[in-house]
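Everything on this sheet refers to the single structure shown next.
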Amino acid sequence: MNDNFTIRESPIVTTKGMIIGGIVGALIGAVIRGGITFYHLREGEVFGLLASLPSASIGFLCGAIAGCWCRGSIGALIGALLSAGVFGLFFLPFAYVLSLFDAADKATEFAWPLFLQKAIAGGIAGGVGGLVGRWITASEKKQ
């Protein structure tokens, strides 16, 4: 057998790694995604906070799902796809209403930066959650 080619050992994902990776991804996703919405609303105090809670809860779920994979690259990809996909699904009806008023160019002008920001937020949450989950899994395997 050729020693140049070795099978890369990947740590078996443990329950503790999945849970902690999911929690870390969820918290980061909620903070970043909710913060983006809060920033773009430019409203003060209570209304801005209440209006950004749905976005934060979506970030919580996307980060939790992506972070429990215990792999940074896969978690980042899944987090970005989930977060951007959910934004796209919520934005489609809004874009349709704007197109009825001949303001479709305003919808695309508004949507693309926000779409990319939501995708980056999901990617960061899933990537960091996945890395933390992998670190926990690797530390458990050493014991």
Side-chain angles (χ1 to χ4, degrees), residues 1-99 103-143:
M1 191 162 169
N2 193 351
D3 290 334
N4 293 335
F5 298 105
T6 58
I7 297 174
R8 183 177 154 201
E9 281 190 40
S10 62
I12 297 172
V13 177
T14 62
T15 306
K16 185 177 178 182
M18 288 177 64
I19 290 172
I20 293 176
I23 289 172
V24 169
L27 294 176
I28 291 173
V31 168
I32 294 176
R33 205 169 194 281
I36 290 170
T37 304
F38 185 75
Y39 171 75
H40 285 291
L41 286 176
R42 293 188 177 98
E43 295 291 330
E45 301 164 16
V46 178
F47 176 76
L49 183 64
L50 289 176
S52 65
L53 283 179
S55 182
S57 64
I58 291 169
F60 187 86
L61 291 174
C62 292
I65 292 169
C68 70
W69 283 84
C70 294
R71 296 201 184 249
S73 57
I74 293 175
L77 180 66
I78 290 173
L81 290 175
L82 284 174
S83 185
V86 169
F87 174 75
L89 288 175
F90 277 105
F91 192 75
L92 280 175
F94 180 69
Y96 176 72
V97 169
L98 286 178
S99 69
D105 54 339
K106 294 291 184 187
T108 57
E109 177 185 318
F110 171 74
W112 283 110
L114 207 54
F115 179 80
L116 291 174
Q117 290 171 0
K118 300 289 183 172
I120 291 169
I124 291 171
V128 171
L131 288 175
V132 168
R134 187 168 180 99
W135 178 69
I136 295 294
T137 299
S139 69
E140 279 187 336
K141 191 170 184 178
K142 288 179 185 178
Q143 294 176 354

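Among residues at least two apart or in separate chains, side-chain hydrogen bond (donor to acceptor under 3.5 Å, both in side chains) pairs with a member in residues 78-97 are R33-S83.
Rounding to the nearest 0.5 Å places CZ of R134 at 9.0 Å from CD1 of I74. How far CE of M18 is from CD1 of I136: 14.0 Å, rounded to the nearest 0.5 Å.
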Side-chain polar contacts of residues 120-131 - donor-acceptor pairs under 3.5 angstrom, sequence neighbours left out - could you list them?
none

Which pairs would a plain distance check flag for residues 57-69, meaning a side-chain donor or acceptor within less than 3.5 Å of a matching protein atom at least two apart in sequence or in another chain?
unit_1	atom_1	unit_2	atom_2	d
S57	OG	L53	O	3.4
S57	OG	P54	O	2.7
W69	NE1	I65	O	3.4

Would you mind writing out the side-chain donor-acceptor pairs for residues 110-119 within the sub-3.5 Å range, not counting sequence neighbours?
unit_1	atom_1	unit_2	atom_2	d
Q117	OE1	H40	NE2	2.6
K118	NZ	T37	OG1	2.6
K118	NZ	S55	OG	2.9

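Residues forming a side chain to side chain donor-acceptor pair (under 3.5 Å) with S52 (at least two apart in sequence, or on another chain): none. For S139, the side-chain contact (heavy atoms from CB on, under 4.5 Å) criterion is met by no residue, not counting sequence neighbours. Every ring pair (Phe, Tyr, Trp, His ring centres under 6.0 Å) that F94 has, sequence neighbours left out, goes to F91. Remark: I19 pairs with T15, I23 by the side-chain contact (heavy atoms from CB on, under 4.5 Å) rule, at least two apart or across chains.
Shortest non-hydrogen contact noted between C70 and T137 is SG-OG1, 4.0 Å.
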